Amino acid sequence: RSLVLGIPVRGRAVSEVEPVMGFFNNLLPTPMVLDTELSLKAWVGAVKRELLDSFAHQEVPFERLALEPEIAAHANKAGLYQSLFSFQDARGRERHWGPLEHQSVLVMQKGATEDFSLWLMEVPSGLEGAFNFNADLFDASTARVFRERLVALLRRAVRSPSDTVAALLAAPGDDTTQFGRWTQARREQPGDPRPDTRTTRASASTLNATEEHMAAIWARLLGIEAGQISAQDNFFDIGGSSLLVMQAVVIAHKELGVSIDPRRFVTETLRSLSAGDERKARLLRLWADLLGQDPAQIRDTDNFFDLGGNSLLVMRAVIEAERSFGLKVDPRRYVNDSLLQLSATPPGGSTVPSADPPLTQDAHPSGLLSRVMGVFGRRK
């Protein structure tokens, strides 16, 4: 039995960034193998080793990892991860600033960005947390079954830490009975539990070529007709899930050559996600004019400075791109980012320098996470 957990990390692996304000978080897809014949202590040790191995590569951006051939092949079948687990390391903070005193307010996440997740936070009285779930796939009664199951297993583990995992799972109790009933009901449930949101859209005919191709990708993944998808549809609103998002990202990069941050699927429409192709063409023409080069000689993976640009030309490119076609980009991104990355900037612009450009066929990706680090080292 195995699964892949998504594990968020703070992204502050070196002391120099500890006092720096900003959002450095990354997500690590971490494989977990459940050997029920192991004792709980031995299995926890195996989990610890797997986590430490993943944490050693936490600087690899999740979006970059999704493009590795071996991992992308897995994502096409089951997504890059099946569930998310996060332990919030909320350390003690100074409560008094001179005569002022403040207190923390625990605000739980509203809305699900994954199909299922468990969040825990350490507080003076113990652990607090919650399950988040995609309401298209699960309901509140299922979350309660999972909660009771988890709490009961933890209590058994405290009483009998030397028992095997199989013994802890099979021990009699209300949680075992309820979980067995839920499992049996899932086996007997026909079809996809998601509600049928398919309706014919009159506006579908207004899609441009890129949008039509993207709509076709969505339709294949969702099992609906492309004509039922409009330019203003959001992937999740028409039945998508976080696992299907990762497949959509990989296929769009393969078939359309566009690199899309998966997080944009949460709020953006088909039209805004597809707009990068047109922006890329216009940005390419702008670069060619500024640099005095043939547009046909500029590749998606080219960097402005590597083509002969300088800081003065960068400022002209930034100003003209925003004025002519609304592409608002932080000038600092021109130092490292490619044409493709800059053109994929979401509406509203970006003030955070992004990661390295996606792997291309010329980069000969290995399919192994440890060798991805070698790719990063060569580029730097």
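Just so you know, these numbers come straight off a predicted model, no measurement behind them. Every heavy atom of this structure was used, including side-chain atoms; hydrogens, water molecules and symmetry mates were not.
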If you apply the rule side chain to side chain contact (heavy atoms under 4.5 Å, CB included), what do you find for F304 with D337, and how did you get there? CA-CA 8 Å; F304 192 76; D337 284 11; over 6 Å; no
Quick one: does any side-chain atom of [X] pair with a main-chain N or O of [Y] as donor and acceptor, under 3.5 Å?
| X | Y | answer |
| --- | --- | --- |
| N26 | Q58 | yes |
| N25 | P8 | no |
| D35 | W43 | no |
| N310 | F305 | no |
| D302 | R299 | yes |
| E320 | L286 | no |
| R12 | V20 | yes |
| D233 | S230 | yes |

Going through the checks in order, is the side chain to side chain contact (heavy atoms under 4.5 Å, CB included) test met by L270 and Q232? CA-CA 6 Å; L270 172 71; Q232 301 307 317; over 6 Å; no
Rounded distance [0.5 Å steps], [atom1] in [X] versus [atom2] in [Y]:
| X | Y | atom1 | atom2 | result |
| --- | --- | --- | --- | --- |
| I229 | I238 | CD1 | CD1 | 4.0 Å |
| D115 | N132 | CG | CG | 11.5 Å |
| R156 | L169 | CZ | CG | 8.0 Å |
| K48 | D53 | NZ | CG | 14.0 Å |
| M315 | Y334 | CE | OH | 10.0 Å |
| L168 | S160 | CG | OG | 7.0 Å |

Name the one of F116, W119, F138 that satisfies side-chain contact (heavy atoms from CB on, under 4.5 Å) with F131?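 That would be F116; it is the only one of F116, W119, F138 passing the side-chain contact (heavy atoms from CB on, under 4.5 Å) with F131.
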I would like to know whether T30 and F85 meet side chain to side chain contact (heavy atoms under 4.5 Å, CB included); could you show each step before the answer? CA-CA 10 Å; T30 305; F85 172 75; over 6 Å; no
Decide yes or no on side chain to side chain contact (heavy atoms under 4.5 Å, CB included) for W218 and L273, but give the supporting numbers first. CA-CA 12 Å; W218 288 19; L273 290 171; 3.7 Å; yes
So, do [X] and [Y] sit near enough that their side-chain heavy atoms are less than 4.5 Å apart?
| X | Y | result |
| --- | --- | --- |
| L150 | L154 | yes |
| R316 | L312 | no |
| S311 | L313 | no |

Evaluate whether atom [atom1] of [X] has more than 12 neighbouring non-hydrogen atoms of other residues, nucleotides or ligands under 6.0 angstrom away.
| X | atom1 | value |
| --- | --- | --- |
| R220 | CZ | yes |
| W287 | CH2 | yes |
| D294 | CG | yes |

Quick check on salt bridge (charged side-chain N to carboxylate O under 4.0 Å, His left out): which of R333, R332, K328 does D330 satisfy it with? R332
Least distance between heavy atoms, [X] atom then [Y] atom:
| X | Y | value |
| --- | --- | --- |
| P295 | L284 | CB-CD2, 3.3 Å |
| L28 | S54 | CD1-O, 3.6 Å |
| E225 | A219 | C-CB, 4.0 Å |

Pair R271 + E212, salt bridge at N-O below 4.0 Å: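 Judged by the 4.0 Å cut-off on N to carboxylate O distance, R271 and E212 do not form a salt bridge.
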Ionic contact status for R147 with D175, cut-off 4.0 Å: no
Measure up the F235 and F265 rings against each other and bin them: parallel (under 30°), tilted (30 to 60°), perpendicular (over 60°). perpendicular
Do we see a donor-acceptor contact under 3.5 Å between the side chains of T142 and D139?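 Their side chains do contain a donor-acceptor pair, which is all the 3.5 Å distance test asks for.
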What I want to check is whether the side chains of T176 and R149 have a donor and an acceptor closer together than 3.5 Å.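 Indeed, the side chains of T176 and R149 share at least one donor-acceptor pair under 3.5 Å.
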